[in-house]
Amino acid sequence: MSATRPAPSNTLHRQILHLAIPAFGALVAEPLFVMADSAMIGHLGTDKLAGLTLGSTIIQTVIGLMVFLSYSTTPAVARAYGKNNLAQAYAAGRNALWVALGLGALLGILGWVFSQQLFTALGADTATTINAQEYLHPSLLGLPAMLGVLAIVGVLRGLQDTKTPLYVATVGAIVNIVLDWVMIYLLGWGLAGSAIATATVQWGMFAVLSVSLWRGITRYGVQLSPELSGLRHVFALGSWLMLRSLSMRVALLGTVIVATHQGQTALATYQLTMSFFSFLAFALDSLAIAAQALLGKELGAQNLNTAQGKNAVLDLKNALVRWSLYFGVITGIFCALIGFTGSWIFSSDPHVQHLFALSLLVVGLTQPLAAYVFVLDGVLMGAEDMRYLGIASLIVLGAYVPSLLLVDVFTPLMGQSTAFIALWLAYSTVFMGARAVTLGRRARTEIWVR
């Protein structure tokens, strides 16, 4: 069996870390944009911070739904890269970029025109809407660049390069902090200054990243105009990934609703726990990104009509699954340590501290399961099995919603701590468990090895 492996064990381990570690750095660097905005706008007053929260929520929701521009591009480019067909790889990247710029422009126009209706639907009063528009409108000018960055990062990951996105994201985050300070305080532009700073940095990042794509396009004689079939391919994969993203957001929304019903303490603790879970998810998602890139490359490099080619791909998948368990154990231990020794850092309320510690214990114990889910997500994305991922997300949602309803119904009969832990058990075991079953079932077959 070892003769069919894509690389010796030590080499494979280095490849995984070579992709995963920079990807983790880039994923962590990106949220610094919002954090910098929040920290500086927070000193301008609660009304301004409320406007920023609402405006950035719209932007972040759009980015979350459009993340398919990266996730659908990486495997397509990686597979072409594995075939040593770099012209095809850059053509796939070009098509994704055209989709990104077109969607960015369209959504930017729609967001500008219907911003007031959006904020009204979210329950904002007149003053908050004015502040939110002050932030949103300049931000929308940078939306094509933001989506363009997603597409180009997907190209680079497919080319097995996660270091360039790390460097660009890190420098971008630093420059954004400086521009924020200049435009918000020195020039006195307030909320608009914060948005202009972020949009400017996004266009700068897009320009820098575009250089590598342009070099590849010109070097391999790829035409700049998109191919209609290529655009259809991006939209076909993207539609299933959008369904997946929507299903996951509905699941999170349902969890928030139940936490809200449990009271203010539970809701405050939920915010802390989910924030911490999201941070740990960056580490797990970095491995999923490595899985996308390596699996896509291996699928392109191997002859999948032979047992040897299929075994090489399956060996790589199994190695990635083992790595996910390592990651899950490490993040789980870290989670438990923080819960029992550092909960006081996040809240001065002893009730919140107690609930936070208990919920982090649940999260820590189930991190290997979460890591398994993340890496299989990456494996199936690497195989461009997006249709299955979309359908599976609906099945998972159908399994999770009844568990949320049960927790909500029995909350009055349970103590606050028990009800909140029951909620996190539902999310960590039912939701993640259903994802593990659906993804694991697919990964154990050879249907996706094609």
Side-chain angles (χ1 to χ4, degrees), residues 6-7 11-12 14-16 18-20 22-23 26 68-102 147-169 205-238 288-306 309 312-313 316 320 378-379 381-386 448-450:
T11 301
L12 176 58
R14 285 196 297 270
Q15 286 179 323
I16 293 172
H18 177 77
L19 292 173
F68 76 83
L69 292 165
S70 273
Y71 288 169
S72 64
T73 304
T74 295
V77 172
R79 189 172 292 215
Y81 180 78
K83 294 176 182 177
N84 200 28
N85 188 343
L86 291 177
Q88 181 182 341
Y90 282 105
R94 172 211 58 201
N95 292 330
L97 182 57
W98 275 106
V99 171
L101 294 176
L147 301 191
V149 167
L150 286 178
I152 300 176
V153 166
V155 174
L156 294 173
R157 289 172 179 169
L159 296 172
Q160 317 298 292
D161 176 11
T162 55
K163 289 185 177 179
T164 299
L166 169 63
Y167 299 148
V168 173
M205 291 171 59
F206 174 72
V208 171
L209 290 171
S210 294
V211 171
S212 58
L213 183 60
W214 171 255
R215 286 174 178 170
I217 287 175
T218 54
R219 180 177 180 180
Y220 295 100
V222 178
Q223 63 181 17
L224 284 177
S225 58
E227 297 172 345
L228 186 58
S229 60
L231 297 179
R232 283 199 300 265
H233 183 69
V234 174
F235 279 114
L237 296 181
I289 289 169
Q292 291 176 38
L294 289 172
L295 233 298
K297 173 188 169 186
E298 197 68 17
L299 286 168
Q302 298 293 335
N303 181 357
L304 302 179
N305 293 318
T306 66
V313 174
L316 175 57
L320 288 164
V379 164
M381 284 185 189
E384 296 186 289
D385 203 1
M386 313 305 188
W448 56 273
V449 185
R450 58 186 186 274

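Because the structure is a prediction, the values reported are computed rather than measured.
For the pair Tyr81/Val155, no side-chain contact is recorded, criterion being any heavy-atom separation below 4.5 Å from C-beta on. Between Arg215 and Ser212 the shortest side-chain heavy-atom distance does not fall below 4.5 Å. Phe206 places a side-chain heavy atom less than 4.5 Å from the side chain of Ile152. The shortest distance between side-chain heavy atoms of Tyr71 and Leu237 does not fall below 4.5 Å.
Taking all atoms of both residues into account, the shortest heavy-atom contact from Gly382 to Leu299 is O-CD1, 3.8 Å. Listed here is the closest heavy atom pair of Ala26 and Leu166: N-CD1, 3.4 Å. The shortest heavy-atom contact between Ala87 and Val222 is O-CG2, 3.5 Å. The two residues Pro226 and Arg94 make their nearest non-hydrogen contact at CA-NE, 3.9 Å. Residues Ala169 and Met205 come closest through the heavy atom pair CA-CE, 4.1 Å. The heavy-atom pair separating Thr74 from Gly154 by the smallest distance is OG1-O, 3.1 Å.
The CG atom of Asn85 sits 13.0 Å away from the CZ atom of Arg79 when rounded to the nearest 0.5 Å. Separation of atoms CG (Leu320) and CD (Gln292) is listed at 11.0 Å; rounding is to 0.5 Å. Distance CG/Leu228 to NE2/His233: 13.5 Å, rounded to 0.5 Å. Here Thr162 contributes atom OG1 and Tyr167 contributes atom OH; the two are 9.0 Å apart, rounded to the nearest 0.5 Å. Taken to the nearest 0.5 Å, the NZ atom of Lys297 stands 15.0 Å off from the NZ atom of Lys83. Put simply, CE on Met381 and CE on Met386 are 6.5 Å apart, with the number rounded to the nearest 0.5 Å.
Gln223 places no side-chain N or O within 3.5 Å of a backbone atom of Gly221 that could act as its donor or acceptor partner. Side-chain atoms of Trp98 never come within 3.5 Å of backbone atoms of Glu227 as a donor-acceptor pair (strictly under, hydrogens ignored).
Between the side chains of Thr306 and Asn303, not a single donor N or O lies within less than 3.5 Å of an accepting N or O.
Considering Asp161, Val168, Leu213 in turn, Asp161 is the only one that fulfils the side-chain contact (heavy atoms from CB on, under 4.5 Å) rule with Leu156. When Leu150, Val149, Ile289, Leu147 are each tested for a side-chain contact (heavy atoms from CB on, under 4.5 Å) with Ser70, only one passes: Leu150.
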Before giving the answer on side-chain contact (heavy atoms from CB on, under 4.5 Å), spell out for Thr218 and Tyr90 the whole-Å C-alpha distance, their side-chain angles and the decisive distance to 0.1 Å. CA-CA 10 Å; Thr218 54; Tyr90 282 105; over 6 Å; no

Quick one: do Leu86 and Leu159 satisfy side-chain contact (heavy atoms from CB on, under 4.5 Å)? Show the steps, please. CA-CA 9 Å; Leu86 291 177; Leu159 296 172; 4.1 Å; yes

